[in-house]
Amino acid sequence: MFPPLIALAACSGELSALDPAGPAAARVETLWQIMLWSAAVILGGVVGIAIYAVATSGRERHFSTRRVLVGWGLVFPGVVLTALMGFAFLRGEQLLARGEDDESALIRVHAEQWRWRFAYPGGAQTIGVLHVPAGRAFTVAITSRDVIHSFWVPRLGGKMDAVPGKTNRLRLRADRPGVYYGQCSEYCGPGHAHMQFRVHAHAPADYPAALAAAAGDAAADPLPVLDQRPAPASGVIADWADAVREAVGLE
C-alpha cells in the first residue's frame, strides 16, 4: 500500500466523520475538506517559497522586504484566516437547534456515569439506543446528571457537550434507515469506555412500534458495574513513601 493511501485508511467506518449520513454531518465534512485543502495549498506555497529562496541563494533579488513582510506576513494570513473563521462560524451555527423548537417534540438526552438515557415525547425511555425516524429532523436536548460528557454521532453531526445544570440542543437527521454509532467524546471517569450508544433510524411507518418495543425492553436495564483498580504506579509510590518515612525516622 502506498504511503498516501495509508492516511485514508480511517476515512470510513461506523465512527468516521468523513462518511456522513445526514445534513449536519455533511456540513462538518465539507468544513473539514475546506480546512484540509486550504492548509495544503498554504503549506505548498510556503514550501515552494522556501525552496526558491534556497535555490537562488547568493543571487541578487529585486524585491521590497517591507512589501514581503506586510503582504505575506500580515495581509495574506489575515485574509485567509478571517475567511476560514467566518465560514467555520457560519457552518457551525447551522448545526445548532433553533430556540423556537417545540418543547413537546424534544428528545431528552441524559448522560450519567456511565450510560446514556433517552426520554421521548409521551414518556417512553430507552437506554443505550436512541430511536428516531429516518428522513426527519429531530432535536435532542442534552444534559448530564454528574460530570461533563459529550454526545457525538460522527456520521450524523458534530459533538455537543452534556453539562450538569445546563441543557444544550442539537438538531440532527438520518437520511436513511440504519444503525449509527455514537460515543462520549469527553473523558468522564474510569467507565468512559462504556459510554457508547447507537442511533437506530427506522422507516417513519415503523417508528412508533419500534420505539414502543424498545422502551419496554430497556425499562430495567442496570448501570454497568465497574471494578475499581488501583493505578499502575500506586504500589511503587507506596513503597517509595514507606522508604522515605523510614529514612527520616517517621516510622
Side-chain angles (χ1 to χ4, degrees), residues 14-15 20-28 93-186 188 191-192 194-225:
E14 298 296 346
L15 293 174
R27 294 189 186 102
V28 173
E93 192 273 339
Q94 293 173 345
L95 301 178
L96 301 178
R98 298 292 180 261
E100 61 269 16
D101 286 331
D102 184 3
E103 292 288 334
S104 63
L106 295 177
I107 299 176
R108 306 283 176 177
V109 179
H110 301 272
E112 55 192 66
Q113 293 175 317
W114 289 277
R115 69 180 179 185
W116 295 90
R117 182 163 50 88
F118 306 100
Y120 304 83
Q125 292 193 23
T126 58
I127 295 173
V129 182
L130 171 60
H131 294 268
V132 299
R136 297 179 183 175
F138 61 93
T139 300
V140 289
I142 306 166
T143 189
S144 170
R145 62 172 292 180
D146 36 56
V147 300
I148 296 178
H149 303 274
S150 189
F151 178 92
W152 187 33
V153 189
R155 296 190 63 202
L156 296 185
K159 303 175 184 179
M160 181 63 73
D161 281 349
V163 182
K166 179 178 175 59
T167 300
N168 293 322
R169 297 184 181 186
L170 186 64
R171 174 170 290 177
L172 302 172
R173 189 185 80 195
D175 290 335
R176 299 173 298 278
V179 177
Y180 306 95
Y181 289 80
Q183 64 183 44
C184 174
S185 58
E186 180 80 20
C188 53
H192 173 67
H194 292 263
M195 291 287 291
Q196 300 173 341
F197 63 97
R198 291 171 291 151
V199 177
H200 195 159
H202 304 271
D206 301 333
Y207 175 63
L211 176 58
D217 293 340
D221 191 11
L223 275 169
V225 177

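We use all heavy atoms of the structure for the numbers below, so side chains are in, but hydrogens, waters and symmetry mates are not.
Residues that satisfy the side-chain contact (heavy atoms from CB on, under 4.5 Å) test with Ala21, not counting sequence neighbours, are Arg155, Leu156, Arg176, Tyr180. For Thr143, the side chain to side chain donor-acceptor pair (under 3.5 Å) test picks out no residue, with sequence neighbours left out. With sequence neighbours excluded, the residues forming a side-chain contact (heavy atoms from CB on, under 4.5 Å) with Ser150 are Lys159, Asp161, Ser185, Glu186, listed by chain and number. In this view, Tyr120 and Thr126 satisfy the side chain to side chain donor-acceptor pair (under 3.5 Å) rule, not counting sequence neighbours. Residues that satisfy the side-chain contact (heavy atoms from CB on, under 4.5 Å) test with Pro204, not counting sequence neighbours, are Arg136. Partners of Arg108 under the side-chain contact (heavy atoms from CB on, under 4.5 Å) rule, at least two apart in sequence or in another chain, are Glu103, Leu106, His110, Ala119, Ala141. Shown here are the side chain to side chain donor-acceptor pair (under 3.5 Å) partners of Asp175, two or more places apart in sequence or in another chain: Arg173.
In plain terms, the two heavy atoms of Ala111 and Trp116 that are nearest each other are CB-CZ3, 3.5 Å. Taking every heavy atom of both residues into account, Val129 and Phe118 meet most closely at O-CD1, 3.4 Å. The heavy-atom pair separating Ala201 from Ala134 by the smallest distance is CB-CB, 4.0 Å. Across all their heavy atoms, Met195 and Cys188 have their closest contact at CG-SG, 3.8 Å. Listed here is the closest heavy atom pair of Ala26 and Pro20: N-CB, 3.6 Å.
For residues 123-145, the ring-ring contact (aromatic ring centres under 6.0 Å, His included) pairs, not counting sequence neighbours, are His131-His200, His131-His202.
Between the Glu112 side chain and the Asp146 main chain, no donor and acceptor come within less than 3.5 Å of each other.
Rounding to the nearest 0.5 Å gives a distance of 11.0 Å between CD of Gln125 and CG of Leu211. If you take CD on Glu14 and CZ on Arg198, they are separated by 11.0 Å, rounding to the nearest 0.5 Å.
Residues Val199 and Leu172 have side chains not in contact (no heavy-atom distance under 4.5 Å, counting atoms from C-beta outward). Taking 4.5 Å as the limit, some side-chain heavy atom of Val153 sits within range of a side-chain heavy atom of Phe197.
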Can Cys184 and Trp114 be said to form a side chain to side chain contact (heavy atoms under 4.5 Å, CB included), step by step?
-> CA-CA 10 Å; Cys184 174; Trp114 289 277; over 6 Å; no
